[in-house]
Amino acid sequence: MLSLEQIVRDPETFRAALVRRGEDPPIDRILELDSRRKELIQAADIDRANRNNVSKAIGNEKRKPTPEEIAEMRETGDRIKAVEAELATVLEELNDTLLPIPNTPLDDVPDGLDEESNVVVRTSEGSTESHGNAHWDVATELGILDLEAGASISGARFYVLKGKGAKLQRALAAWMLDVQTEEHGYTEIDPPLLVRGETMTGSGNLPKFKDNLYRDEETDLWLVPTAEVALNGLHQGRIIDPGVLPLKYVAQTPSFRKEHASAGRDVRGIKRVHQFEKVEMFRYVEPETSDAMLEQMVGEAERLCQLLGLTYRVLQLCAGDIGFQSAKTYDIEVWSPGSAEWLEVSSISTCTDFQARRNGTRYRPEVGASTKLPHTLNGSGLALPRIWIAVIENGLQEDGSIVIPEVLVPYTGWDRIESK
RNA sequence: GGAGGGGUGGCAGAGCGGUUGAAUGCGCUUGUCUUGAAAACAAGUAUGGCGGUAACGCCAUCGCAGGUUCGAAUCCUGUCCCCUCCGCCA
């Protein structure tokens with residue numbers, strides 16, 4: 001959520017920033033609602049102050065209220081209730097208006113309304129040739145991926161990994177977690193995957209992206225589309241003590257997405273599925289440091305690609321292509337020689353104070369100081385089925401076997417998936 | 001699922017209709033004392049909103065939402081969460 005106070009103070013800056021990402025925000029309506037809100041608060045406060053004074057005097061003087069006082073205070077009470085009722089509707093509309101508005105892009109985010117305007121920041125060394133053997137053929141042939149079984153169990157966009165394919169995924173996840181915790185200083189978290197609506201709203205997934213989320217109606221719990229949601233909720237409604245930031249968390253969890261918006265896209269293989277594993281990095285940081293922290297996280301995700309020996313490139317997304325809660329995003333894509341395309345394996349964003357404001361996460365810069373909103377940053381480190389695809393397609397040998405990156409061998413116990 | 005108990009400030013814990021935003025203790029901050037520290041003593045120490053250049057003033061908040069009342073942390077209703085015991089269960 002954007003800051004109402006800041007919008008009111010400088011509405012045109014907000015309008016311009018949102019226009020950059022193709023939005024037409026109802027700034028005028030927000031200003032109207034806010035001034036009505038202030039009027040109502042003032043009116044109610046005056047009546048309440050008066051009522052407090054009268055009641056306090058009666059109590060102090062240890063006497064019964066006079067009939068006139070009772071009559072007057074009843075009237076005051078009724079007036080307060082009426083004003084409060086109107087205030088409640090104003091606040092509700094204000095909330096409903098603000099919640100679907102996305103974060104404003106930072107100044108250094110490139111202009112553009114769609115992915116055509118994304119900028120390739122750098123490309124690693126390495127081959128970008130193609131061999132045409134896509135993972136859905138290769139892995140199926142090797143007996144480590146069973147798309148038909150996935151479909152028969154759960155339907156389209158579900159898959160089954162088997163044997164060394166399953167173990168390869170487990171090894172990748174375990175290895176990435178170990179690098180993040182032991183070398184990059186993250187604290188491992190194993191969070192709930194079913195979360196309350198408030199938590200989903202706090203991260204920015206609700207109310208706008210309801211259609212992409214699985215939900216259990218009976219308990220009103222939602223399945224996380226990414227661990228970001230749970231990690232963002234870790235401190236909601238609370239104040240982080242001085243000296244604690246930056247907080248760095250990492251979690252490996254499944255992610256559940258309906259993918260209605262992508263119907264018809266990436267239908268082959270396991271590039272885009274309803275349930276996938278992902279290792280997610282998340283940081284709570286002081287605002288002054290968030291730019292540097294974002295670059296650091298990009299570096300950490302790149303490092304994983306490097307250690308796996310993959311060819312990758314870093315993209316900076318343009319204003320129109322960054323996610324709802326993001327103020328600035330880098331994507332990391334690895335080369336997929338099987339389908340001759342770049343596969344997005346990580347998306348790393350700073351959400352500035354947008355998420356912190358939504359779910360009431362604050363921190364105290366120093367003892368005795370007043371609270372501030374931290375910045376939150378998130379990024380995949382990395383997304384599993386896609387990195388699995390890249391390992392399979394890049395490791396494919398002439399004889400049809402797959403050679404596994406060396407760093408994974410301690411986790412798999414073998415260095416090759418043999419062809420049948 | 002059944003039966004009880006409970007949710008109050010950073011923590012512990014009082015208060016159960018009226019000068020209570022809330023005793024007391026702990027913690028924390030500052031000051032006095034001290035070469036320094038500890039101890040002792042003193043003062044301060046919640047969050048948010050509205051108004052104000054500011055000092056400051058007012059308002060709200062005792063899980064949450066309603067209700068009763070001139071007045072609610074205190075009474076009533078609903079709801080959520082936590083704990084104990086029983087049942088069921090990975």
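Not measured: the values here are computed from a predicted model. Quick note on labels: first sequence line is chain A, next is B, and so on, each numbered from 1. All values below come from the heavy atoms of this structure, side chains included, with hydrogens, waters and symmetry mates left out.
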Problem - Euclidean distance for C1', B:rG10 against B:rU45 (whole angstrom) - result: 10 Å
Practice task
Using the C1' atom on both, measure B:rG87 against B:rC75 and round to a whole Å.
Solution key: 36 Å
Practice task
Name the first nucleotide and the last nucleotide along RNA chain B (5' to 3') that come under 4.0 Å of a heavy atom in chain A.
Solution key: B:rG18 to B:rG71
Practice task
Compute whether any side-chain donor of one residue and acceptor of the other, for A:Y312 and A:E333, lie under 3.5 angstrom apart.
Solution key: no
Exercise for the section: Determine the contact category for A:N52: base if any of its heavy atoms lies under 4.0 Å from a base atom, sugar-phosphate if only primed atoms, P, OP1 or OP2 are that close, otherwise nothing. Expected result: sugar-phosphate
Problem - Ring centers of A:F276, A:Y159 separated by less than 6.0 Å - result: no
Practice task
Give a yes-or-no answer on whether the side chains of A:N232 and A:N359 include a donor-acceptor pair shorter than 3.5 Å.
Solution key: yes
Practice task
Report the C-alpha separation of A:E39 and A:R36 in whole Å, then their side-chain angles, then the decisive distance to 0.1 Å, and conclude whether the salt bridge (Lys or Arg N to Asp or Glu O under 4.0 Å) test is met.
Solution key: CA-CA 5 Å; A:E39 282 167 20; A:R36 186 63 186 146; 2.6 Å; yes
Problem - Contacts of A:V250 that satisfy side chain to side chain contact (heavy atoms under 4.5 Å, CB included) - sequence neighbours left out - result: A:L177, A:Q180, A:T181, A:Y186, A:E188, A:V279
Exercise for the section: Determine the interatomic distance between P on B:rG17 and the same-named atom on B:rC76; round to the nearest Å. Expected result: 11 Å
Practice task
Keeping the roles fixed (side chain from A:E69, backbone from A:T66), state whether a donor-acceptor pair exists under 3.5 Å.
Solution key: yes
Handout entry: From A:T199, A:L221, A:D220, residue fulfilling side chain to side chain contact (heavy atoms under 4.5 Å, CB included) relative to A:L194
Key = A:L221
Exercise for the section: Could you tell me whether a side-chain N or O of A:T104 sits under 3.5 Å from a main-chain N or O of A:F14, the two making a donor and an acceptor? Expected result: no
Problem - Non-neighbouring partners of A:R15 that pass side chain to side chain contact (heavy atoms under 4.5 Å, CB included), sequence neighbours left out - result: A:E12, A:V19, A:P25, A:I27, A:D28
Handout entry: Residues in side chain to side chain contact (heavy atoms under 4.5 Å, CB included) contact with A:E418, at least two apart in sequence or another chain
Key = A:K164, A:R416
Handout entry: Same-atom distance (P) from B:rG15 to B:rU24, integer angstrom
Key = 15 Å
Fill in the blank from the handout: Residue pair A:K56/A:N53 against RNA chain B: nearer the 5' end by closest nucleotide is A:K56
Exercise for the section: Convert the base pairs of RNA chain B into dot-bracket notation, remembering that pairs crossing earlier ones are written with [ ] and that bases paired across to another strand are shown as |; include only Watson-Crick or G-U pairs under 3.5 Å. Expected result: ((((((((.[[[..)..(.....]]]((((((.......))))))((((((....)))))).[[[[[..)....]]]]])))))))....
Handout entry: Lys NZ or Arg CZ of A:K258 over A:Y214 ring: under 6.0 Å, within 45°
Key = yes
Exercise for the section: Enumerate the residues from residues 28-43 of chain A whose closest heavy atom to RNA chain B is under 4.0 Å, giving them by residue number; use none for an empty result. Expected result: A:R37, A:K38, A:I41, A:Q42
Handout entry: Distance, C1' atom - from B:rG13 to B:rG7, rounded to whole angstrom
Key = 13 Å
Practice task
With heavy atoms under 4.0 Å as the rule, sort A:T371 into base, sugar-phosphate or nothing.
Solution key: sugar-phosphate
Exercise for the section: Indicate, with a heavy-atom threshold strictly under 4.0 Å, whether A:V367 touches base, sugar-phosphate, or nothing. Expected result: sugar-phosphate
Completion exercise
Sorted by position of nearest nucleotide on RNA chain B, 5' first, the leading residue of A:N50 and A:G59 is A:G59
Handout entry: Atom C1', compared across B:rG57 and B:rC62: separation rounded to whole Å
Key = 24 Å
Practice task
For B:rC81 and B:rG27, measure between their P atoms and round to the nearest Å.
Solution key: 36 Å
Exercise for the section: Report which part of the nucleic acid A:R196 touches: base, sugar-phosphate, or nothing (heavy-atom distance under 4.0 Å, all strands). Expected result: nothing
Practice task
Check whether the ring centres of A:Y284 and A:Y363 lie less than 6.0 Å apart, and answer yes or no.
Solution key: no
Handout entry: Separation between the C1' atoms of B:rG1 and B:rU74, rounded to whole Å
Key = 34 Å
